[in-house]
Structure formats: structure tokens, C-alpha cells
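To start, the structure under review is shown below, and the notes come after it.
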Amino acid sequence: MDFNILMYFVFGMVAIAGGLVLLFAKHPIKGAMGLLVSMLALAGLYAILQAHSIAVFQVIIYAGAIMVLIIYFLMLLDIKSEDYLKSYAKLVWTGGPILLLLAIFFIYKLYTVFKGQPGALSDMSTVVDPMTVPESFGGIKEFSTALLTKYMFAFEFVSTLLFAAIVAVISIVQLDWRGRKND
Amino acid sequence: MESTFLGINTVHFWTYLFLAGVIFLFMFMMGAVMSWSERKQSAQLQDRLGANRAAIPLPFGKKLAVLGFINNLADALKCLVKENFKPQTENKVIYNLAIFFAFIPAVLSVAVVPFAGVIKPAELFQAWYLKWVPWLPEYFAANLPDFSFRLQVANLNVGLLFIFAVGGINVFGAILAGWSSNNKFSMMGGMRSAAQMISYEVSMGLALLGIIFIYQNVDIWNLVQGQSELAWGWLPKWGIFLQPLAFFLFLAAAVAENKRMPFDLPEAESEIIAGYFTEYSGFKMLLFMFAEFIEIVFVAIMVTTLFFGGYSVPWLMADGFHFPWGATLALSHASVVLLQVFSFISKVFFFCWLLQQIRWSLPRFRYDQLMHLGWKILLPLAILNLVITVIIVALGGF
Amino acid sequence: MKEVTFTVDGKEITVPEGTLIIDACEENGIYIPRFCYHKHLFPSGNCRMCLVKIEKNPKPQPSCMTQVSDGMIVYTDTPEISEMRKAMLEFVLINHPLDCPICDKAGECMLQDQYMEFSGDKSRFNETKVAKEKLYHFSDKILYDAERCITCSRCVRFTEEVSKTNKLGILNRGDTSYVALAHGDTFDDPYSYCVTDICPVGALTSKKFRFKERVWYLHKTESICAGCSRGCNITIETKDNKIYRVRPRENEKVNQSWMCDFARDFYIDPMKNRTSGTQVDHKNVTYENVVGEVVSLLKEHGNEMTFVLSAYATNEELALAKQLIDSAEVKGIFTKPDRVWHEGSEEVKSDDILVKEDKTPNMTGIRKIFPAAKDLSEMIISDYKYAFVWGPNAAVDKLDGLQIISLSAMRDQVSDKAKWAIAGRFAAEKHGSFTNCDGIVQPFRRALKGENNYDELIFFVGILKGLGVEPVGRTVEEVRKAAE
Amino acid sequence: MSYQIPGLPDMEYMDRQKRTFLTQIYYREVARGVWITTKHFFRNMWKWMTFRKGGVVVQYPEETRPDMSPNNRGRHVLVQRSNGESRCVACQMCGTVCPAECITIEAEESKNSTIQRKPKVFDIDISRCIFCGFCVEACPVDAIRMLASTENLVGYNRFKMIYDKDTLLNWHPVVNDDVVHGYNP
């Protein structure tokens with residue numbers, strides 16, 4: 001078996017496992033650790049696809065900066081697991097069907113891809129073979145050029161997503177405060 | 001037909017595996033040397049004698065103390081055999097995971113650093129002083145006449161960023177250890193270390209941006225290559241000459257990242273016992289200490305590589321010295337490689353010594369002083385340095 | 001009784017008529033120094049330490065000889081009185097050898113304490129002190145040091161009034177006077193150790209305690225004597241899990257301030273023939289194993305079992321035992337006079353002072369909790385297959401042919417013969433309470449750490465839990481509370 | 001801002017209000033500090049390379065300071081009577097006052113009826129002792145003293161650091177033969 005394929009499966013498994021830990025961990029810190037592992041595994045996936053820049057930025061930005069902040073605040077807040085779970089118990093009824101739909105969609109997508117290309121999995125080695133990609137592929141120059149020209153809008157749009165997330169968090173926290181005042 | 005192992009060229013595989021082993025071992029040895037110099041050097045500069053008691057008894061009443069090295073062995077032995085205390089925490093997994101987050105990045109990031117230039121084994125083993133294994137030069141000359149590799153474990157084209165990425169993960173070691181120890185002092189240590197490391201990472205990154213702009217690269221190999229060149233025909237293009245301010249900023253920020261004196265607030269003994277690793281004992285504590293020592297070596301390696309030309313020796317080319325006044329001194333390939341390795345390691349040793357000297361000379365900063373230095377001094381200076389560099393580079397400077 | 005009111009140092013005090021000033025003051029928190037006065041002895045008034053100023057009286061009066069009267073105004077702390085105390089102490093100390101470093105009384109000596117509190121002056125006596133006999137062997141228990149003696153006559157009055165042997169007397173007069181026995185006599189009094197307790201200085205010391213330990217190192221535990229059914233209140237003084245001495249504790253209703261020599265030896269002499277650990281068929285097994293076996297035995301053969309109670313058991317243990325007997329439906333309950341605790345201790349018959357005929361501490365408690373318990377001699381062996389024997393000294397021949405479970409602190413024929421042997425604890429090693437012959441329930445605390453990790457209470461709690469019964473309590477306090 | 005202490009050179013203290021930028025970035029001060037320690041470092045290294053001792057410390061069990069004060073509280077000794085017995089009466093004063101609780105005494109009856117009491121066991125655990133000298137102060141019969149010497153107070157085995165009565169009596173007093181008969185205040 002090709003080393004890259006092997007690592008692809010290893011990292012893929014770890015990423016999925018990290019995601020599952022994030023979903024099912026009772027303690028928020030453990031969930032954050034799951035997310036962190038998932039991020040690192042994603043970086044590994046990028047790396048075996050020869051996209052070194054993306055892999056490294058994945059680690060610097062997500063694992064090194066955002067996760068540190070998340071864990072920092074989780075520690076400061078010292079959320080007790082039970083309260084945390086109770087407030088999210090209702091979300092299962094809305095989130096569950098959405099998750100199910102997404103899963104069906106992805107399975108369908110995979111099915112169509114592999115239906116069209118019977119040898120897709122074994123061909124992956126040729127896709128990620130270092131010999132077949134140009135020397136400069138995944139370099140910082142190419143990455144920057146692509147990011148700041150072609151994907152400029154997407155890049156900026158994602159940052160609005162983060163902004164939206166911040167607004168959501170503040171609104172939730174404020175609601176919580178109001179609830180506590182009545183106690 | 002080249003043989004392959006898991007899709008990788010077998011010779012490449014074994015070469016890089018061997019290289020990784022050697023460099024890993026080198027880092028460990030350096031860690032041991034640092035823990036020795038932590039005692040002996042501090043003793044020398046404080047007019048003491050330092051650890052010299054532990055010794056192996058020899059026959060005829062003699063003792064083998066080896067300048068206090070046996071103390072290190074005794075320490076390691078003690079840490080291995082002593083009772084392993086565990087705190088009453090519900091997060092045993094994270095408690096144990098934190099050690100790996102602290103230790104692995106310390107040894108991982110050295111993978112992208114070149115220890116010497118290109119090595120051609122077929123030529124290398126021709127030198128009379130390297131003919132230890134008789135069949136080795138014949139094997140390389142017969143089978144792989146053109147095989148060459150760099151003395152660098154991973155040839156990443158984003159090497160400098162890789163170091164930043166791994167250094168960012170390093171924060172988790174302290175923060176998770178502090179949190180999972182279920183101890184107020186550990187928690188404070190973890191918090192302090194997280195705040196400190198995040199603050200100084202900013203200045204460190206900005207200081208290094210100048211280097212990146214000047215050499216137009218983030219590949220460490222190319223950075224060192226760039227520093228091997230000469231400016232005006234005589235001055236090596238070392239980072240210290242082109243970016244003197246960045247050197248000082250980087251040195252301060254790197255010491256702060258390393259959590260050593262005078263920035264050792266996360267483990268300030270007089271305030272919070274041992275900070276984030278208060279609750280670790282025995283071998284786990286040893287790993288934290290060892291990670292710290294290896295990080296000193298790594299800071300020295302970074303300073304060497306980025307500001308002092310890495311392995312490069314002034315005016316040494318692949319075929320020997322080319323002095324600026326026109327004289328040349330031809331050297332064999334093996335001699336050049338050994339000179340480069342020696343140059344690299346001696347520079348690293350010097351900076352290790354300097355870092356220890358700084359650590360044992362200075363008192364600890366107060367927390368507000370630490371933050372003041374990080375955000376109000378280092379950061380503006382780094383930005384200033386960056387702006388000036390960008391203007392000079394845009395004007396076509398070097 | 002008629003009450004009188006008088007004033008001490010400006011404080012109005014009401015006491016029954018006939019009370020001595022010194023007692024009335026002490027009850028109200030004013031301590032008057034004394035040497036010769038003892039609460040349970042007739043006052044003699046010879047030490048002159050307790051002088052107080054009484055208004056309209058030209059001279060200070062000894063408070064131990066003066067009864068209060070209505071409207072009396074007493075001062076205990078005038079400059080005159082304190083001068084007199086200082087002078088009195090100086091007088092007493094003139095011939096005192098001051099050999100506190102080698103004196104066993106040092107640390108609890110009334111002379112030391114009162115000198116520190118009421119005088120503190122330096123000696124002005126430059127002449128040679130009168131030398132007297134330093135090692136006067138009164139008996140093989142008591143040693144007398146004439147130099148230290150201040151001739152307060154407490155010991156003499158004790159032999160006259162309490163033990164009524166009239167052995168001691170004071171010979172000679174002035175600075176040559178000393179306590180002495182009749183020529184050729186020995187001080188063989190069953191209460192002789194009491195004189196070492198009441199001696200205010202180190203003149204009378206116990207040979208058993210001599211030079212063993214300094215008194216300030218001893219840890220004092222309030223306990224109840226297990227020597228006989230009188231239940232004297234005692235203080236057990238220990239260090240490093242070893243009993244150094246036992247002293248009586250004041251209790252007006254039971255023993256006043258006295259206890260017998262037998263009981264002191266009983267505690268101090270090292271316990272011989274102790275049991276240890278848990279055995280089944282003379283093989284050491286874990287405690288849990290034995291508890292499990294006893295539980296299954298009680299479950300299956302409870303109705304073929306007889307339960308022989310120990311009169312050394314505390315009330316709390318008996319309460320749990322009762323619960324056990326009721327829940328396991330044990331057939332017969334017997335009790336026995338398990339008198340002897342260690343070999344060689346001399347048998348003391350009863351007397352009319354303290355010692356009782358019944359040498360067990362808690363037979364009254366058994367009678368109260370188990371009114372139906374019969375004496376062991378009335379047992380018919382053929383009725384039973386198993387016997388739970390608690391405590392030592394059961395008649396072995398009465399238990400022939402039975403399978404024995406023995407729970408005893410002392411090794412004897414029964415525990416040797418027992419199939420299941422569990423070591424118990426001695427009275428000084430556990431908490432609990434005894435009911436004495438007059439029906440007074442007296443709690444006591446543990447003075448020694450037992451050798452085993454369990455005591456009888458824990459054992460019974462374990463058995464009850466094994467039987468599926470919730471014990472009324474798991475600690476002595478819980479059981480006591482449940483009993484109330 | 002300077003501040004004069006008589007007999008000492010002028011000492012400069014930092015005026016926090018007047019710190020310059022150069023002071024605030026610390027680099028110059030760090031360099032000054034490192035320079036001082038580096039001088040020490042190389043001086044000691046040079047001494048070491050020329051086979052001289054660099055540090056000022058005393059390698060205690062092998063070396064002892066020659067300039068020890070005669071009042072130094074070192075090893076304990078027990079004072080003898082003229083017949084070689086200890087003067088101690090086992091009164092436990094030293095054991096009671098000892099803050100480190102390192103003195104163990106067991107008393108026994110002496111054959112001499114004027115002395116009555118003498119120590120059967122007199123142990124000082126030197127590994128626990130803090131050399132405060134309270135035992136010497138407390139002793140009513142001047143039986144325990146401390147020598148100035150600190151030689152051989154260390155050991156590899158902590159049980160060998162418990163000095164028993166014979167060890168404590170094993171010394172040669174320089175004082176004249178001051179015999180005490182019994183306890184005579």
C-alpha cells in the first residue's frame with residue numbers, strides 16, 4: 001500500500017474521531033480537544049496532498065490561535081458539564097434532521113463520484129504523487145496569489161461568518177445573564 | 001529499478017530515517033548538556049562550584065564525577081524510580097496528553113532546520129578520515145553515483161511557517177497541563193503561559209517578517225542559502241547584518257516563548273510553586289523540564305539559522321574558501337561538510353551559552369512589565385523594522 | 001438546706017450553709033492556693049497557704065477551716081495576702097531540695113505551680129539545708145523522699161480517713177519532721193498509690209512510674225476503669241501507644257478521688273496472652289473472609305447457635321449484638337463471669353471502700369439490655385451445635401462438642417479451641433460506655449490504638465450488613481443516639 | 001537621583017518618572033547585567049583551567065572553614081564527672097525545649113543514691129538537629145555543651161547520624177576537672 005494512502009486513511013479516521021469527540025464529549029474542554037485533534041488531522045490531510053501552505057496555515061490559525069483562545073475562555077468560564085448539556089439538549093430536534101440530510105447528501109455525492117470512476121480510490125496515489133505535481137505547488141507564493149486574487153471574496157466572506165458567530169455568542173451570553181438576574 | 005518501501009524510494013527512506021534519528025539524538029544530547037550547564041554554568045558565574053557530588057565509585061577509592069555529569073544521570077534515575085503522584089482530577093486523559101503537547105513540538109520543529117549543505121555520499125566517504133566502513137564508499141560509488149541529499153530532515157517549502165505552526169501547538173502543553181492538574185497554582189501558570197506566549201508570538205512573527213522580505217522566502221533551506229551569499233563582495237549576508245533590530249526583537253520574544261528567566265512567570269517558583277507542572281512528578285515532570293531545555297537549544301538553532309547564516313562559514317563555497325582578497329583554499333567535499341556542521345553546532349553552542357547567561361543574570365519581570373515590553377515596545381519596534389525593511393526592499397535595496 | 005450569701009473580692013456568692021470558703025471560692029472560679037487541703041479529706045489547716053482576709057477579723061483566716069456565714073466579706077487577693085503567700089512559699093522552700101530535674105512530680109507539682117503563680121521570688125536562704133532520708137522505701141510500691149516533703153499530712157489523713165489502715169504518721173517536729181511508718185512495718189495498703197496522687201510535692205512517688213517518663217509528655221485520656229463493676233473514673237496516661245500510669249479522676253458519685261492499687265496494675269502491666277488477627281481452623285485469614293463465614297453461619301444455623309455474652313462489652317456493642325441476635329434468631333443467650341484479664345494479677349475480694357465482688361465492668365449493662373440472659377452454668381449443651389463466645393474465661397467443659405466462634409481480646413482455652421477466632425479489643429482500646437453497679441452509665445474514650453484495624457463494634461456492623469440488616473448506628477455516637 | 005549612605009559609595013536608584021526609552025526597552029540594562037556575570041564566568045573558568053578553585057564555597061565535609069568562631073555551635077558533647085560518667089540526670093529539659101525534637105532520653109536508677117537518676121539512653125539525631133543551642137541553655141546541670149567544631153557531622157546513612165551516649169561522651173574536655181556530686185543547686 002502506498003504510504004500516502006495509508007496516511008490519508010489514518011488522518012481521515014483521526015479527523016472523524018475528533019469530530020465525534022466534539023459532538024459527544026460531555027465536558028466542553030474535551031470537546032475542544034476533539035476539535036483540535038480534528039484540525040491537526042485536517043492539516044495532515046492537506047500535507048499529504050502537497051498543499052503545505054494550507055496545512056501550515058491550518059495549524060497556525062485554527063490550532064495555534066483560535067483553539068487556544070477557545071480553550072482559554074472555556075477554562076476561564078469553567079462551564080460545568082451538566083448545565084452546558086441541558087441548554088443544548090433541545091437542539092437535537094432541529095440539528096438531528098439537518099445532520100441526517102447532510103449525511104444523505106454526502107453519501108449520494110460520494111456514490112456518484114465513485115460510480116463514474118471505478119478506480120478513484122487507487123488513482124488517488126497518482127493525484128498526490130510528489131513527482132506529478134510541479135515543484136512550486138503548495139508554495140507560499142502560489143498560495144498567496146490564489147488567495148488574494150481568485151479566492152479573495154470567499155476569504156473575506158468567511159471572516160463575516162466568524163463575525164456572525166461572535167454576535168451569536170454575545171446574544172446567547174446576554175440571554176443567559178438576563179435569566180440569571182431573575183434567580 | 002529503484003526499490004520502494006510504501007511508495008517511497010528505499011534509499012531516501014532509510015537516509016532520512018537515519019538523519020531523523022541522528023538529529024533527534026542530537027537534540028536529546030543537547031537537552032542533557034543544557035541541564036548540566038544549567039547547574040555548572042550558573043555556578044561558575046555566581047562564584048560557586050556547582051553540582052559535583054554524585055559520582056560512580058571506582059576501585060582504589062577513586063570516584064568518577066565527570067564534572068557533575070553524573071548528577072544528571074542520578075536525577076534522571078531518581079525521576080524514574082520515585083513515586084508518581086497523581087492529582088485528583090477527572091481529566092486523566094488531558095492530564096497525560098499535556099505532556100506530549102509540551103514535549104513533541106520541542107523536538108519536532110527542528111526537522112526543517114538544515115544542519116549542513118548538500119551531501120553527496122559517493123564523494124563524502126572518499127575522504128580518508130571517513131573510511132570507517134570499508135564497503136560504504138564502494139557501495140555508493142557503484143550503485144548511487146549521483147545520489148545527494150540535504151542534511152535536513154524535512155525539506156518543506158514553508159519551513160519557517162512550519163516552525164510557527166508547531167510553536168503554536170506548544171502553548172497547549174502549558175495551558176492543558178495547568179487546567180487539568182486541578183490546582184489553582186497550576187491553573188494560574190497555564191493562564192499566564194497562554195497569555196505570554198500568544199503576546200510574544202505576535203512580535204516574534206513580525207520580527208521575522210523582515211527576514212522573509214529580505215530573502216524573499218519562507219523555505220529555511222533557501223534562507224540559509226541566501227545568507228551564504230556575499231554583499232559587496234566581502235560581507236556575508238547574515239541576518240544579523242541585514243536585520244540587526246529584528247535579531248534583538250526575535251531574541252527577546254523567543255526567550256519569552258521559551259518561558260525562561262526573565263520571562264518565567266508561568267513557572268514562577270516563589271509565587272506559584274512550579275506553575276503549570278506543579279502537579280506532575282517523576283518522569284512526567286522530567287519531560288516538562290527536558291522540553292524546556294530542548295527549547296533553549298531550539299531557540300539557539302533558530303537564532304543561528306535565521307541571523308547567523310546557519311551552517312554557512314564566511315567565504316566557504318562548495319569547493320573551498322574563496323577569500324574576498326582573491327586567495328582560495330581548495331577543500332574536499334567531506335571537509336566542507338564537516339566544517340559546515342562544525343560551524344553550525346559551534347554557533348548553536350554559543351547561543352545556548354548566551355541564553356543560559358541571560359537566564360542566570362536577570363531577575364524576573366513583573367507581569368505588567370512583561371506585557372508592557374511585549375505589546376508596547378517589541379511590537380511597535382517590530383512594525384517599524386518591518387516598514388523600513390519593506391521600503392528598502394521596494395526600492396531594490398539588497 | 002439553708003443557703004447563705006457572702007462576698008468574695010466584691011462578688012456575691014450563694015452557697016449552702018456549712019461550705020468551706022475554699023470550696024465556695026473554687027466553685028465560683030477563684031482559686032485559693034493550698035497544700036494540705038484536699039476536697040475529700042478532713043481539713044487540717046497546717047500549711048497556712050490558703051489564708052484569706054475576712055472583714056472584721058483582725059488576722060487572716062485559713063479558708064480551708066472557715067465555714068461561710070451570711071454577709072461575710074472575704075478578700076483573697078489583697079497585697080497583705082499575697083505577701084503572706086510569698087512568705088509561706090519561701091518558708092516551705094527553705095528546706096526543699098529543689099531537685100526538680102530528678103523528681104517525677106515535676107510538671108504537675110503543686111509547689112512548682114504555686115511558686116510560679118504566687119511568688120517567683122529568689123531564695124534568700126544562704127545556710128545549709130537540712131539533709132534527710134532521700135530513699136525511704138515505704139513498700140515495694142511507694143517510695144518516700146523526706147527532703148521533698150512539706151509535711152502537709154495529706155497522706156496521713158488519707159490512711160486515717162479513707163483507707164482506714166492508719167499506717168502513716170508524722171515523726172519529730174520543726175524542720176526535722178517527716179512522714180514515717182511504725183518501726184518494721186510496711187505500707188501495705190490496697191489504696192497506697194492514692195497517696196502519690198494527693199501528695200502536693202514529689203515526696204511520695206510510685207516505684208512503678210519512677211523515672212519512666214516526664215509527666216508533660218503523657219497524653220491523658222478520660223476513661224472508666226474496667227477492673228470491677230464499681231466503674232471508677234480514671235485518666236489513662238499514655239505515650240507512643242503505651243500506658244504509663246492510670247490515675248483516678250474526680251467523681252463525687254462513684255469514686256470521689258480514689259482508686260485501688262489492683263486496677264492500676266491491671267492497666268499498667270502489659271497484657272499477656274493477647275489474641276491477634278483473624279483465624280479459621282487456626283490458620284490466618286483475612287478479616288473479610290471470617291466476617292463472611294460468620295454471616296453465612298448465622299444465616300443457616302442461627303437457630304442452632306448459642307450466644308455467650310461478655311461482661312467486658314460496652315453498652316453500644318451490646319446494643320448491636322442484640323440487633324444481631326434478634327435478626328439471626330439466635331436460640332440461647334448466656335452470660336458468664338469472665339473475670340480474669342491477665343494471669344498473675346492478685347484476686348482482691350470486695351471491700352467497703354471501692355472494690356466490688358463482681359470483677360466485670362458491665363454486667364449491669366447486660367442485665368439491662370438482655371434481661372433474659374442466663375448464666376453459662378445453666379446451659380444444656382445438647383440444645384446447640386454452635387456457640388458464639390464473646391470474651392475470655394468461658395467454661396470450656398460447658399462448651400464441649402460445640403463449634404465455637406470466639407471473639408476475644410485475650411487468648412485462653414476457648415479461643416484456642418475455636419474454629420473461627422476473631423481478635424477483640426481491650427477496654428482501653430475502644431470507645432464506648434459501661435454501666436456500673438449503681439446503674440450509672442459512664443462513657444469513655446479510647447486511650448490506645450488497637451493492634452487490629454477493627455474493633456467489636458465494626459465487627460458487629462459488618463455482620464449486620466452481611467445479614468442484610470441496617471445497623472442502628474455505625475459509630476459509638478450513632479448507636480448511643482439511637483438508644484436514646 | 002542619588003542617595004548617600006555614610007561609608008558607602010554613591011548609589012544610584014532609578015527614578016521611575018524619568019526612565020528613558022533606552023531604559024524601558026531593557027536591552028542596555030540586560031547587557032550590563034550579563035556583562036558582569038560574564039566577567040565572573042570567565043574569571044572562574046580561567047581559574048578552573050589553571051587548576052585553581054574558582055568558587056568561593058567550602059566543600060564542607062572535606063574542607064572546613066579555618067576562621068570558624070569559637071562561639072560556633074557545632075557538635076554536641078556530654079560533660080563527664082570525674083569517674084567518666086555523664087553528668088546528665090536525664091531530666092528531659094533539653095528534650096522538652098528542643099524545637100527539632102531530636103533528643104531522645106530514657107532515664108534509669110543510678111547506683112549512687114545522691115545522684116539517683118541517670119540516662120540509660122541519650123541519643124541526639126544530628127540529621128534533625130538545627131543547632132539552635134537551646135539544649136545547652138536549658139540544661140540545669142551543665143551536662144550538654146556544643147563544641148565549635150563541625151567536623152564529620154554528615155553521613156551517608158541517617159542512622160549513623162544518630163549520636164548515642166558513648167559517642168557524645170567521647171571527647172576530651174579542655175576545662176579543668178569540675179566534678180559535680182549529685183545535684184546540688
Side-chain angles (χ1 to χ4, degrees), chain A residues 1-7 21 25-30 32-34 36-37 39-40 43 46-48 50-76 78 81 125-126 128-131 135-144, chain B residues 4-9 12-13 89-95 97-98 101 104-105 108-109 112 154-176 178-180 182 186-188 190-195 197-198 201-202 205 212 216-219 222:
Chain A
M1 192 190 255
D2 196 312
F3 186 70
N4 282 336
I5 294 282
L6 180 72
M7 292 317 287
V21 168
K26 286 194 175 175
H27 201 286
I29 292 263
K30 281 186 183 160
M33 291 305 295
L36 173 65
V37 169
M39 296 285 184
L40 292 177
Y46 288 132
I48 59 170
Q50 298 292 313
H52 293 152
S53 301
I54 300 176
V56 161
F57 280 119
Q58 171 84 12
V59 176
I60 291 180
I61 295 168
Y62 288 103
I66 291 178
M67 286 316 293
V68 169
L69 283 178
I70 287 176
I71 289 183
Y72 198 94
F73 287 118
L74 285 179
M75 285 178 187
L76 276 181
D78 193 24
S81 52
S125 61
T126 59
V128 297
D129 190 351
M131 296 299 137
E135 179 73 16
S136 59
F137 178 79
I140 189 83
K141 201 168 186 176
E142 288 72 20
F143 171 75
S144 312
Chain B
T4 57
F5 176 76
L6 285 175
I8 305 165
N9 185 316
H12 281 239
F13 180 79
T89 168
E90 70 259 41
N91 287 291
K92 284 270 186 283
V93 178
I94 294 179
Y95 173 77
L97 201 66
F101 272 117
I104 291 176
L108 190 64
S109 36
V112 293
N155 177 21
L156 275 184
N157 51 13
V158 286
L160 196 56
L161 297 179
F162 175 77
I163 287 168
F164 269 97
V166 173
I169 291 178
N170 207 349
V171 186
F172 286 106
I175 195 167
L176 289 177
W179 180 78
S180 65
N182 200 12
S186 301
M187 181 79 180
M188 269 184 219
M191 289 292 172
R192 284 182 180 194
S193 83
M197 287 173 88
I198 291 172
E201 219 162 55
V202 177
I212 294 173
Q216 310 265 324
N217 230 311
V218 286
D219 185 348
N222 291 344

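Lettering follows sequence order; numbering is per chain, from 1.
- Proximity to chain A (any heavy atom under 4.5 Å) is shown, for B:Ile175, by both the backbone and the side chain.
- The heavy-atom pair separating A:Val68 from B:Gly168 by the smallest distance is CG2-O, 4.5 Å.
- Contacts between A:Leu40 and chain B at a heavy-atom distance below 4.5 Å involve the side chain alone, from C-beta outward.
- Listed by chain and residue number, B:Tyr280 satisfy the ring pair (Phe, Tyr, Trp, His ring centres under 6.0 Å) test with B:Tyr95 (two or more places apart in sequence, or in another chain).
- Here the CG atom belonging to B:Asn222 is positioned 11.5 Å from the CD atom belonging to B:Gln216, to the nearest 0.5 angstrom.
- Residue contact with chain A, scored on non-hydrogen atoms closer than 4.5 Å, is absent for B:Met197.
- Of the two parts of B:Leu97, only the side chain, counted from C-beta on, holds a non-hydrogen atom closer than 4.5 Å to a non-hydrogen atom of chain A.
- In this structure, the portions of B:Leu161 lying under 4.5 Å from any heavy atom of chain A include both its backbone and its side chain.
- Nearest heavy atoms, B:Ser109 versus B:Ile163: O-CG1, 3.9 Å.
- Heavy-atom distances place both the backbone and the side chain of B:Phe164 under 4.5 Å from chain A.
- Taking CE of A:Met67 as the reference point, atom CD1 of B:Ile169 lies at 11.5 Å (rounded to 0.5 Å).
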